[in-house]
Amino acid sequence: MKKYTSVHDLPSIKEGLKIAFDVKANPFAHQHLGKNKTMILLFLNSSLRTRLSTQKAAMNLGMNTMVLDVNQGAWKLETEHGVIMDGDKPEHLLEAIPVIASYCDIIGVRAFALLENREEDYNEVIINQFIKYAGVPVVSMEAATRHPLQSFADLVTIEEYKKTPKPKVVLTWAPHPRALPQAVANSFVEWMRETDYELVVTHPKGYELAPEFMGNLKPEYDQMKAFEGADFIYAKNWSAYGDYGKILSKDMDWCVSKRQMDVTNNAKFMHCLPVRRNMIVSDDVIESENSIVIQQAANRTVSAQAVLKMMLESLK
Ligand code: CP
């Protein structure tokens, strides 16, 4: 595996899950793979879970890790080509990438959508430059349009908690005070569409996700109807794709509370975290025994370790 940016980089969902459950059962069984290998984790945006779980996964595999927060202590990076660099960014990505790559065997990159130019974000300008110029395998730790380590962990979690082979999984938009990228929602839909699950996406009008992610799936605009009989509720905010990057609603009726959970099939509640309580989800729902957000976050180590294991094997 030379890159990991989406579900399509796995050999198959089935094989990915097999490796994930293997590393979960035997986290230290493959330490020889990472001996004398180094991973650099490069963050252009903040992180708690991705930073710690990916580092833990690399360490479980015997790797050395280095973490660089680009906006805290490193030179600010220019990412556009052809610009006159007379501003506040003294280093260009085109030099930074090969320099970073010269110090490591695998690079992890977090580079969120800027939500200013849809075409640039959806062309994945930053992570694609890493893939093109690094010369070492690149792992997306959330790029502009996808968060594949998160989605892989989400899948592992649903597999662990499902009570039926084809559970009903509902992705629901929920309100948030700031404009957030569509990456988690896009990626979750992309992964769920690769399974046999019944997937329903619900959001207010105007929040339709990009056609490349939704395919033939039509959104359900009635949140209560969407929740009926659901086995899993996955809440997430995202900004508009059509009216790109805009907040179109802060309708608090969409905050996931007992009112909606009561019409589900005793559904498990999921969120990638961090979550804004009483905006996205009520205290009582996230604190209920049906909330599996902590287990979901714990599985971030599992998904990262499965991906890094496949990458290390491809280095041999
Ligand atoms: N879910 C997730 O990616 O969390 P962080 O932003 O804290 O890494």
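We count ligands from 1, going down the list as the structure has it; atoms in each ligand are counted the same way. These numbers come from the heavy atoms of this one structure, side chains and all, not from hydrogens, waters or symmetry mates.
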Lys/Arg N to Asp/Glu carboxylate O, K162 vs D231, below 4.0 Å: no
Residue pairs fulfilling salt bridge (charged side-chain N to carboxylate O under 4.0 Å, His left out) with at least one residue in residues 178-201, sequence neighbours excluded: R146-E190
For residues 263-283, which residue pairs qualify under salt bridge (charged side-chain N to carboxylate O under 4.0 Å, His left out), counting only residues two or more places apart or in two chains? R277-D283, R277-E287
Return the protein residues near ligand 1 (heavy atom under 4.0 Å from any of its atoms), ordered by chain and residue number. S47, L48, R49, T50, R110, H147, Q150, C272, L273, R300
Would you list the atom pairs, donor with acceptor, under 3.5 Å between side chains in residues 99-107 and any protein atom, with sequence neighbours excluded?
unit_1 : atom_1 : unit_2 : atom_2 : d
S102   : OG     : V99    : O      : 2.6
D105   : OD2    : T38    : N      : 2.8

Would you check if the distance from the ring center of Y241 to the ring center of Y122 is below 6.0 Å? yes
Can you check side chain to side chain contact (heavy atoms under 4.5 Å, CB included) on I233 and F227, steps first, answer last? CA-CA 8 Å; I233 299 297; F227 274 46; 3.6 Å; yes
